[in-house]
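Okay, structure first, notes after.
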Amino acid sequence: MLALRSSARTLSRSAPRAVPSLARGLATAQDPYDVVVIGGGPGGYVAAIKAAQLGLKTACIEKRGSLGGTCLNVGCIPSKAMLNNSHIFHQTQHDTKARGIDVGDVKLNLPVMLAAKNKSVSALTGGVEYLLKKNKIDYIKGEASFASATEIDIALLEGGNSQVSAKNVIIATGSEVTPFPGMEIDEKQIVSSTGVLDLQEVPKKLVVIGAGVIGLEMGSVWSRLGSEVEVVEFLGTIGGQGIDGGIAKNFQKILTKQGIKFSLNTKVMGAEKKDGKVVLAIEGAKDGKKSEIAADVVLVAIGRRPVTKGLNLEKIGVEVDDKGRIVIDSEFNTSVKGIKCIGDVTFGPMLAHKAEEEGIAAVEYIHSGYGHVNYKAIPSVVYTHPEVAWVGKTEEDCKAEGIEYNVGSFPMVANSRAKTNNDTDGLVKIITEKSSDRILGGHIIASAAGDMLSEIVLAMEYGSSGEDVYRTCHAHPTVSEAVKEAAMMATTGKAINF
């Protein structure tokens, strides 16, 4: 447990407000915290809650001023609010008549849509703060830096400085937008994933640099709301790291049908503001052909990078790699004893749920010496419509590793629930090991792909076979029956309904 030693300014009666938990009395330097978590995002706050639940005296330091990290504040949660509400708007405009629902003049009220997004964010971040309070965790609002391996200086957001002492520290500072060299993000015309969530009007033309998860989701939002959207990607495929090649091609066809334009194998060389537009200079990655694209708004979505600035890691000797990620071992230990690290700031996919699993496991290692994260069963989801979700190995992975495998692929158009919902784009693809029938990977395009994938993730966690899945009774009519049928195809080579 950390001891909080506040400055005279912070403790004085004239100070506007001290650290929230001072009234309860914090530990002294002679009696440090068992665990201090730096960062209050999905990994950090989950780690803090788990530590407190295990009886460890815990503090969580967060510099944003609200908990939940990028995910709850400017990432996963607000983007899903916009994805859901823009889908409802688009569906009301284009899809209800065929369903026997006559709707009058449909108009977008963007300020109300943005307010609904902000309301969701406020409710969830406030809920996390309540959970910390409920679990008697000292929540300290401020920016942390290491004074030593066991002492952390804090510049309090409300003024003054404090210092805490800890037996164990978990770094969970997350990631930030990777800037595009030579392109200044002003969050007005050239925006990041933060600014694109708060545009005050629908741009006539939106160009997205990067065809990864963020770029495709945000491009989808504004396309539904009326923008002409073009996605520029250096690589020859969409969907980002880990997506199966066949799934990516199918996904691109669906988004193209929805009106999104793709310029793949294309390099962005620079940007210039001219006559109220942003003009991008582009070049073919293979043929070197040069051209320009003019846009009202440009979204830079080329990835994210670890946040370590200001932590003073070099002072205490915490090792980082050439990508700025904190180096850890299999038990989340950094190069400095007593300091662990989880989430986006270290290796692996930058996913909130991955950080949460690591947060729990890191605390369990501190408490009992054992923790568990199965990195072969970490799901990924693109929350477009339809959604795209995957876990485990792709066909490309199997070929590269010399694994003999079977594939079962079942189209959603053959699923009775998808047919009745008139929502048949996509498929379920399951990859099994030929010799054992063990499930190696699952890949889904469907309106509820993220939820459907959980069955495959659970099956992989338990080392299940394709036969285990297809012999499990699935309710009818449900979209999950497509998972059963795909597993049957992988194992037997045949499905019942296709």
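- No donor-acceptor pair under 3.5 Å is formed between the side chain of Lys289 and the backbone N or O of Gly284.
- Using modelled atom types, one side-chain atom of His443 and one backbone atom of Lys393 make a donor-acceptor pair closer than 3.5 Å.
- Heavy atoms from other residues, nucleotides or ligands lying under 6.0 Å from CD of Glu401 number more than 12.
- A distance of 4.5 Å separates CG in Asp437 from OG in Ser465, rounded to the nearest 0.5 Å.
- The number of heavy-atom neighbours closer than 6.0 Å to NZ of Lys80, taken from other residues, nucleotides and ligands shown, is above 12.
- Nearest heavy-atom pair, Asp468 versus Thr472, reported as atom, atom and distance to 0.1 Å: O-OG1, 2.7 Å.
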task: Test Glu228 against Lys261 for salt bridge (Lys or Arg N to Asp or Glu O under 4.0 Å), laying out the working first.
output: CA-CA 8 Å; Glu228 177 191 345; Lys261 181 181 178 182; over 6 Å; no
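- Remark: the backbone N or O of Ala418 is not paired with any side-chain donor or acceptor of Asn421 at under 3.5 angstrom.
- With hydrogens and angles left out, the side-chain atoms of His474 and Glu455 include a donor and acceptor closer than 3.5 Å.
- Side-chain atoms of Arg305 never come within 3.5 Å of backbone atoms of Lys323 as a donor-acceptor pair (strictly under, hydrogens ignored).
- Arg304 and Thr70 share a donor-acceptor pair across their side chains, judged by distance under 3.5 Å alone.
- Two residues are said to be in side-chain contact when any heavy atoms from C-beta on lie closer than 4.5 Å; Leu72 and Leu67 fail this criterion.
- Other residues, nucleotides and ligands place no more than 12 heavy atoms under 6.0 Å from the CD atom of Gln241.
- Separation of atoms NE2 (His385) and CG (Asn84) is listed at 11.0 Å; rounding is to 0.5 Å.
- One finds the OG atom of Ser66 at 11.5 Å from the CG atom of Leu124 (value rounded to the nearest 0.5 Å).
- Side-chain N or O atoms of Glu364 include none that pairs as donor or acceptor with a backbone N or O of Gly371 at under 3.5 Å.
- Between Pro179 and Ile302, the closest heavy-atom pair is O-CD1, 3.6 Å.
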Worked check of side-chain contact (heavy atoms from CB on, under 4.5 Å) between Val232 and Val207: CA-CA 7 Å; Val232 180; Val207 171; 3.9 Å; yes
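- Using a 4.5 Å heavy-atom cutoff, the side chains of Glu387 and Ile445 are not in contact.
- Closest approach of Ile496 to Glu485, counting heavy atoms only: N-OE1, 2.9 Å.
- Closest approach of Lys273 and Ile190 over heavy atoms only: CE-CD1, 4.2 Å.
- Side-chain contact between Arg64 and Glu143 is absent, with no heavy atoms from C-beta onward closer than 4.5 Å.
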field: Worked check of side-chain contact (heavy atoms from CB on, under 4.5 Å) between His94 and His90
entry: CA-CA 6 Å; His94 302 284; His90 188 268; 3.4 Å; yes
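- Annotation: side chain of Thr266 is not in contact with side chain of Glu283 (no heavy-atom distance under 4.5 Å).
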message: Evaluate Ile238 against Phe262 for side-chain contact (heavy atoms from CB on, under 4.5 Å), listing each step before the verdict.
response: CA-CA 9 Å; Ile238 73 169; Phe262 291 93; 3.9 Å; yes
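- Side-chain atoms of Lys97 and Asp102, non-hydrogen and from C-beta on, do get closer than 4.5 Å to each other.
- Taken to the nearest 0.5 Å, the CG atom of Leu108 stands 5.0 Å off from the CZ atom of Phe89.
- Of the candidates Val229, Ile293, Val297, Ile293 is the only one forming a side-chain contact (heavy atoms from CB on, under 4.5 Å) with Lys205.
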message: Using side chain to side chain donor-acceptor pair (under 3.5 Å), reason through Arg325 and Thr308 one step at a time and then give a plain yes or no.
response: CA-CA 8 Å; Arg325 299 173 299 188; Thr308 58; over 6 Å; no
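- Here Arg417 does not pair with Asp423 in a salt bridge; the nearest charged N to carboxylate O distance is not below 4.0 Å.
- Of the possible donor and acceptor atoms, one in the side chain of Asp244 sits under 3.5 Å from a partner among the backbone N and O of Gly246.
- Distance alone, capped at 3.5 Å, places no donor-acceptor pair between the Thr424 side chain and the Val413 backbone.
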- request: Report the C-alpha distance between Gln258 and Ser223 in whole Å, list the side-chain angles of each, state the deciding distance to 0.1 Å, and finish with yes or no for side chain to side chain donor-acceptor pair (under 3.5 Å).
  value: CA-CA 8 Å; Gln258 292 177 4; Ser223 175; over 6 Å; no
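- Considering CD1 of Ile456 and CD1 of Ile431, their distance stands at 10.0 Å, rounded to 0.5 Å.
- Around atom CD of Glu176, more than 12 heavy atoms belonging to other residues, nucleotides or ligands sit under 6.0 Å away.
- Side-chain contact between Leu440 and Thr432: absent, with no pair of heavy atoms (C-beta onward) separated by less than 4.5 Å.
- More than 12 heavy atoms of other residues, nucleotides or ligands shown are found within 6.0 angstrom of NZ on Lys117.
- A donor-acceptor pair under 3.5 Å links the side-chain atoms of Ser227 to the main chain of Pro203, judged by distance alone.
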field: Chi angles and distances behind the side-chain contact (heavy atoms from CB on, under 4.5 Å) call for Val300, Met183
entry: CA-CA 9 Å; Val300 178; Met183 194 178 300; 3.8 Å; yes
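- Looking at every heavy atom in both residues, Gly359 comes nearest to Ile342 through CA-CD1, 3.5 Å.
- Note that the OG atom of Ser192 and the CG atom of Leu299 stand 7.5 Å from one another [nearest 0.5 Å].
- Using bins of under 30°, 30° to 60° and over 60° for the plane-to-plane angle, the ring pair Tyr375/Phe347 lands in the tilted bin.
- Using a 3.5 Å distance cut-off with no hydrogens or angles, the side chains of Tyr405 and Glu433 do not pair a donor with an acceptor.
- A donor-acceptor pair is defined here as one N or O able to donate and one able to accept, closer than 3.5 Å; no such pair exists between the side chain of Trp390 and the backbone of Pro379.
- Considering only heavy atoms from C-beta on, Val208 comes within 4.5 Å of Leu206 through its side chain.
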task: Mind running salt bridge (Lys or Arg N to Asp or Glu O under 4.0 Å) on Lys354 and Asp344 for me, showing each step along the way?
output: CA-CA 9 Å; Lys354 175 254 193 188; Asp344 289 5; 5.7 Å; no
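- Of all heavy-atom pairs spanning Val428 and Ala482, the tightest one is CG2-CB, 3.7 Å.
- No donor-acceptor pair closer than 3.5 Å links the side chain of Glu217 to the backbone N or O of Ile214.
- Between Leu83 and Arg224 the shortest side-chain heavy-atom distance falls below 4.5 Å.
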